[in-house]
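Below: one structure, written as structure tokens.
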Amino acid sequence: MAHEIQHVSTPAGGAHAAGQSHVPAHGQHHGEYHVHVVPPWLLIAVFVCLVILTGITVGVTYFDFGRTLNVWIALAVAVAKATLVALFFMHLRWDSPFNSVVLFAALFFVALFIGTVILDSKEYQINFVPPTSTSMAP
Amino acid sequence: MLKILGSIYMPPEASTVAPGVDWLFNFILGITAFFCLLIFAGMVVFCIKYRHRPGHQGGESPGHSTGLELTWTIIPLIIVLVVFFYGFRGFLDMSVVPPNSYEIIVQSKMWNWAFQYPNGTVTPELHVPKGVPIRLVLTSDDVIHSFYVPAFRTQKMSVPGRYNRAWFQATQVGEFPIYCAQYCGTSHSKMLSKVVVEEPTNFDRWLEEASNPEKQTGFTPQKAGEDIYKSRGCIQCHSIDGSHGTGPTWKDMFGSKVALSDGSTIVADENYVHDSVLYPTKQIVQGYQAVMPSYLGGLKDKQIDWVIAYMKTISEPYKKSMGSSGAVPTSAPMHKDEPARSAGSNLK
Amino acid sequence: MSAITGNLGLATKQPEHKSDNYLTHGKGIKSWLFSLDHKRIGLMYMIGVLTAFFIGGVFAMLLRTKLLTPGLMYTHNEADEWNFYNHCFTLHGAFMVFMFIIPAIPAVLGNFVLPMMLGAKDVAFPRLNLGSLWCWIIGSIFFGWVLLGGILHAAFGPFANYWANALIPAGLDTGWTFYTPYSTAKAANGTVEALLGIFILGFSSILTGVNFIATIHMLRPKGMTWFRMPLFLWSLYATSIIQILATPVLAITGLLLLAERTLGVGIFDPALGGDPVMYQHFFWFYSHPAVYIMILPAMGVISEVITAHTRKHVFGYNFIAYSSIAIAMLSFLVWGHHLFVSGQSPLANAIFSILTFAIAVPSAIKVFNWVSTMWRGDIRFTTPMICALSFIILFTFGGLTGLFLGALSNDVHVTGTYFIVAHFHYVMVGSALFAFLAGLYHWWPKMFGKMTNKTVGNIAAILLLIGFNLTFFVQFIAGAKGLPRRYASYPPEFHKYMVTSTIGAYVMAVALFMMAGNLLAALINGKKAPANPWGANTLEWHTASPPPHDNFPVEPVAGDPYDMGSWVWDEATEQWVLDEDHARTVAGTEPTVHQH
Amino acid sequence: MSELVNKQQAAVALAGDTFSPARDHHHHPPHLAHHFDTLEQQFASGKLGMWVFLATELLMFGGLFCAYSVYRHNHPEIFEFGHQYLDKTLGAINTIVLITSSLTMAWGVREAQLGHNKRLALCLILTLLGGAGFMCIKTVEYHAKWEHRVFAGRWDQYDPRYKGPQVPHEPPTNEPEAQAEQQIKNNKMLPQTTMEPQNMPTLPQGANPGYGAALATPQAATAPSEAAATTQAGPMLQAGDAYADPNAGTADAAKIHPMQGVPAGLATRVHAEGKWEVKFDDLPKTEQDHVLTFFNLYFLMTGLHGIHVLVGMGLICWILIRSMKHEFGPTYFAPVDLVGLYWHLVDLIWIFLFPLLYLIH
């Protein structure tokens with residue numbers, strides 16, 4: 001895939017950047033500024049994929065694969081869509097990897113939260129039948 | 001030796017799990033004391049030896065020592081795993097209910113406890129036989145409370161909307177306090193009760209008496225009716241001071257004329273009360289909703305008779321019609337000018 | 001003009017500063033309230049959190065005074081008395097937790113010190129920083145409104161006017177944990193305002209966290225690799241992780257509670273089809289990590305203070321740094337230990353118990369490393385050092401008593417009692433407050449250019465330590481004996497413990513007033529502070545006291561932050577001066593001199 | 001270590017003859033804040049900050065997803081029943097609308113990077129239209145729920161005059177006993193199973209009508225009590241014996257875990273040929289409450305999402321005004337990019353909400 005990479009010089013480039021790069025991790029040439037411009041065909045392609053996936057996820061509901069499988073299919077399609085949006089619309093594909101780490105950390109902790117609370121779900125009793133005052137004291 | 005020491009900071013050991021808990025407590029206390037001494041001694045020695053003073057120079061020392069640091073990573077890790085193991089084992093003892101245990105339902109409410117025995121008797125204090133595993137099923141009417149008996153080392157929240165369970169087996173005859181250990185509002189600190197541990201034979205005798213008021217000393221139908229009024233939920237909706245509740249007040253009701261929602265009028269006699277308790281939707285008093293639950297199967301006819309007897313003692317029309325022959329009971333209604341508010345209603 | 005830039009291990013000599021510093025850089029109240037300068041924002045935060053601490057402290061004294069007797073102390077009616085007590089402990093908890101301890105070290109000391117430790121001019125997003133301050137102010141106004149409303153209600157009773165009753169909150173009596181269904185169905189009419197306040201305060205915390213993470217990632221100076229960062233920065237970084245990942249869960253929990261209380265949406269209230277234990281899961285998913293928001297930065301402060309005042313390189317830098325991150329990660333996995341008796345499944349209990357023990361290990365590592373740092377040091381008993389030593393004592397106690405609570409069978413006995421109260425006060429007050437005081441005394445000369453009085457400070461610190469132990473140690477015994485917490489009235493057998501505890505509280509109050517007075521006195525007639533009064537080598541000591549508006553006239557280059565040999569005591573000027581020869585030896589290279 | 005030193009020296013060498021140029025404010029590009037050295041550093045910081053903030057947003061929605069997961073995990077049939085009130089078609093249209101607005105937003109970022117402020121403004125206007133369209137469709141849906149009397153919370157919280165749900169008219173009966181029984185039914189959450197044993201077979205094994213049934217007839221409970229009262233202390237179980245569920249196999253296991261996953265009324269009226277036989281209005285009050293749990297979650301999740309859409313639209317307006325002033329170009333487009341990130345996150349969340357709420361099979 002060929003991507004347009006724009007090399008842009010900052011107006012007062014050389015003078016500034018010279019040296020004082022605060023970010024040891026970044027090895028770019030000083031005074032140049034890498035801007036990744038997403039080409040139109042890619043944007044359209046991602047959009048078309050998203051529409052198709054939306055169609056799939058709606059279409060799937062007309063078939064019964066069983067309660068569990070249907071949920072997982074729906075979630076898998078949603079994850080695929082979300083990945084497309086994050087990678088291309090949100091530029092993660094070309095971004096500093098640490099931003100992806102942040103996203104994954106957030107998803108990990110959401111999963112941890114939900115997973116652990118569900119672990120306890122056998123204990124939640126929303127069909128609880130409260131004893132009435134007929135039979136119990138105040 | 002540890003037992004004597006423990007009595008300084010622990011309540012009496014009155015259940016089968018208590019010695020185990022206390023043993024673990026003392027074990028951790030030992031670990032705590034050891035590490036505290038180690039760390040504090042190190043601090044004191046260093047503070048004295050390396051204090052800044054004329055002529056003292058701070059020496060060079062290694063910036064780290066992986067061996068040393070791994071040592072004080074791994075040793076605490078082992079210690080905490082050991083503590084976890086014992087804590088977990090003790091917890092299993094606490095949560096695995098022995099089969100065939102005696103079940104008591106604990107129901108909490110702001111701010112009192114009610115204990116229901118298998119025969120349906122409900123008491124505000126918990127009586128248990130010694131040496132019998134007691135299984136508690138806890139639930140709450142309103143907010144979260146926590147059933148806590150320090151002497152048994154037993155605690156479990158009683159949560160509305162679910163049943164929690166706990167069990168214990170008392171090993172000592174005596175009376176032990178029950179606390180509510182989860183904050184539950186104004187009178188949280190007075191949500192106290194006690195557990196009375198008795199020999200099994202005494203317990204059986206007590207239960208028989210408790211379930212049959214007629215056998216209790218000082219039994220009168222009026223008093224038994226008042227107990228039912230207080231303990232079986234009537235008090236929540238029916239006042240005895242004339243104020244409006246969810247249901248009509250009992251003050252001066254018996255023997256008076258009652259206007260019903262269908263426009264008719266009826267005299268509140270024995271039949272009316274009896275029917276209202278068992279089939280509450282049959283006759284709705286004007287201005288009230290049909291919300292009262294039926295006590296069909298919940299109260300026996302004899303118990304309803306006691307309630308009626310109690311209602312008679314707080315009804316002026318009835319007493320007048322009887323030529324005020326009945327003595328005024330101790331639980332006489334408050335004065336008419338009293339503000340129409342029961343003691344509990346101004347609580348938030 | 002020539003300037004010397006340092007080399008590895010060599011501090012940067014800053015040119016003599018002009019008379020202009022950040023305190024005098026702008027004039028007028030607006031230049032403070034809307035300042036983008038991280039130092040000024042830190043000071044504004046300091047005024048705020050100390051006010052919250054004072055209010056919370058007043059409530060604490062009211063509580064302890066009431067507990068002198070199991071009967072009536074303030075009123076003639078039990079219900080009023082108990083309600084008053086319940087409101088007091090709720091507001092004590094809420095003010096102390098949400099408005100004092102959580103923002104205290106990160107937002108005050110962190111804001112002031114973090115960019116300077118990085119040699120930066122400011123945090124990454126100064127406007128966000130100001131936004132964080134204002135979130136704190138607005139959130140606190142909500143709590144102030146709850147407090148004021150409570151007073152109005154107590155004074156004038158239920159209002160005749162419908163709107164007055166609806167709009168003026170009637171105080172707050174839910175406990176700071178807001179357990180449902182009490183908070184949504186029964187509690188006093190100030191819960192909504194308080195929840196809004198917590199929601200907004202949460203954003204203050206989140207914005208600080210976002211700022212610190214971006215700053216530490218992007219604004220580290222030349223020479224400062226991750227493992228050359230001062231340990232305070234490691235602990236702030238770990239704290240920020242918790243702030244950004246846990247606080248939003250508090251926000252959504254608060255919103256759900258609000259929806260439940262105002263609209264009758266039933267997620268938690270069983271009467272509406274919810275489950276109250278799920279609320280506890282939600283709440284503690286935030287509030288347990290929040291305990292580490294309080295204690296992690298405190299540990300960072302102690303690492304700085306101990307090294308500076310023992311004049312020793314910190315022992316086991318890597319272990320301390322890693323343990324900060326380990327604590328931050330593990331802190332998310334232990335919330336269930338607050339639910340051991342609330343009906344959680346036994347499996348979950350076991351998992352949470354073992355993870356709770358796991359988190360004890362990194363804490364233990366830190367304590368051992370601090371003590372080892374003192375070995376062969378040159379210990380100076382300055383006020384920050386006394387506070388730090390007190391911290392180690394109290395944190396050891398608080399941490400080790402956590403073992404009692406992590407052990408499942410023991411926890412069943414002591415949870416919900418005064419044992420818990422004592423345990424978390426040892427950790428939060430004993431440790432976090434002492435660390436905050438240590439940090440204030442340590443950086444006060446940097447903040448205001450004035451030295452504090454050592455004698456008064458030391459006496460106050462020791463008095464505080466004594467008062468603290470008097471107050472809370474007996475609570476361990478009362479708790480083990482079975483006295484539940486939040487009791488307005490108590491069985492007579494506990495009277496002696498309660499009285500001892502109250503006496504201790506008065507001692508603490510006196511000590512805290514001495515502490516505060518000493519700090520204020522320093523502002524008025526304190527000795528002028530040099531740039532580096534302690535001879536510490538982290539970058540904030542390389543600039544003037546108080547620092548200029550932009551922190552560093554010359555961008556510093558970071559070396560080893562704990563290389564104490566770089567600074568030597570100059571008898572003539574009675575100041576610590578930079579020993580360039582030493583620094584050169586440590587670095588092993590010649591310093592580079594650049595001509596401009 | 002030596003490698004590090006070399007790197008540092010290289011960095012110092014790179015500094016060349018200019019030391020600390022960042023101090024010279026007048027040399028700064030107009031959008032570079034004083035505490036950053038380069039625009040790139042500033043942009044990277046902004047982007048990192050935005051991602052960290054998005055992480056907090058994810059955690060915030062995580063709370064709602066958590067509540068959703070727990071309730072759906074325990075009561076799938078309630079969700080299946082409830083979701084029939086949601087319009088799948090409108091949901092799908094809304095998904096497409098939001099995806100389209102995401103496309104125009106991403107395109108807008110591209111135009112900003114290239115410095116085409118006019119085209120950027122056009123993209124932003126299209127994005128705004130998408131957001132507005134989304135909210136309009138959402139309003140239509142919300143209105144339909146309101147008409148159906150399904151919404152977050154309870155009527156009496158919105159309308160104090162509301163006097164409870166309209167109970168379907170029941171033929172009056174003169175038999176007081178029958179009335180009482182009817183009333184017991186109304187007071188119990190599981191009326192049929194308590195009073196009409198013929199409904200029992202539809203419940204799975206192990207399901208128990210619940211505690212209320214046992215308590216309602218204390219006489220029945222007296223019989224086992226005699227046996228229990230004389231029970232001797234059983235030997236304490238060895239640790240680990242019945243660890244998985246201490247109550248498994250005990251007589252009252254079902255009391256402790258009453259009704260796992262089976263709301264009585266709905267289970268007895270499962271849908272035939274994809275149609276539910278009962279409507280929301282026909283359900284007893286207690287079951288309506290359960291179904292309302294689904295709608296509570298629906299309104300909370302879509303409501304919070306809708307608030308985010310509105311905030312996003314506000315931010316886009318701000319960017320739009322700035323783009324009209326031609327402020328953006330190759331060296332300065334960070335605000336567009338960051339607002340874009342926020343807008344895409346809103347899209348991301350909807351991508352999950354749509355199947356979870358609308359497409360429950």
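Note that the structure is a prediction, hence the values are computed from the model and not measured. Every chain is numbered from 1, with letters handed out A, B, ... down the list of sequences.
Contacts with chain A (heavy atom to heavy atom, under 4.5 Å) involve these residues of residues 87-95 of chain D, listed by number: D/Lys88, D/Ala92, D/Thr95.
In this structure, chain A has a heavy atom under 4.5 Å from the side chain of D/Leu356, while its backbone stays farther away. Heavy atoms closer than 4.5 Å to chain A are found in both the backbone and the side chain of D/Leu48. D/Phe354 touches chain A through its side chain: at least one heavy atom from C-beta onward sits under 4.5 Å away, while N, CA, C and O do not. Heavy atoms closer than 4.5 Å to chain A are found in both the backbone and the side chain of D/Leu58. A/Val77 does not touch chain D: none of its heavy atoms, backbone or side chain, sits under 4.5 Å away.
Residues D/Leu341 and A/Phe89 fail the side-chain proximity criterion, which asks for heavy atoms closer than 4.5 Å. Taking the side chain as every heavy atom from C-beta outward, D/Gln113 and A/His36 never approach each other to under 4.5 Å. Under the 4.5 Å side-chain criterion, counting only non-hydrogen atoms from C-beta, A/Phe113 is not in contact with D/Leu59. Contact annotation: the side chain of D/Tyr358 never approaches that of A/Thr61 to less than 4.5 Å [non-hydrogen atoms, C-beta and beyond].
Checking side-chain atoms of D/Arg110 against main-chain N and O of A/Val37 turns up no donor-acceptor pair under 3.5 Å.
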For residues 49-59 of chain A, tabulate all N or O donor-acceptor pairs below 3.5 Å that involve a side-chain atom, not counting sequence neighbours.
| unit_1 | atom_1 | unit_2 | atom_2 | d |
| --- | --- | --- | --- | --- |
| A/Thr54 | OG1 | A/Leu50 | O | 2.8 |
| A/Thr54 | OG1 | A/Lys81 | NZ | 3.1 |

N/O donor-acceptor pairs under 3.5 Å from side chains in residues 99-108 of chain A, not counting sequence neighbours:
| unit_1 | atom_1 | unit_2 | atom_2 | d |
| --- | --- | --- | --- | --- |
| A/Asn99 | ND2 | A/Asp95 | OD2 | 3.2 |

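Looking at every heavy atom in both residues, A/Leu43 comes nearest to D/Ala106 through CD2-CB, 3.6 Å. Nearest heavy-atom pair across D/Ser69 and A/Ile118 is CB-CD1, 3.7 Å.
Checked against salt bridge (charged side-chain N to carboxylate O under 4.0 Å, His left out), D/Glu57 has no partners two or more places apart in sequence or in another chain.
Heavy-atom pairs under 4.5 Å with chain A were tallied for D/Thr100, D/Asp337, D/Val52, D/Thr56; the largest tally goes to D/Thr100. Your options are A/Ala82, A/Gly115, A/Ala86, A/Ala111, and the one with the most heavy-atom pairs under 4.5 Å with chain D is A/Ala82.
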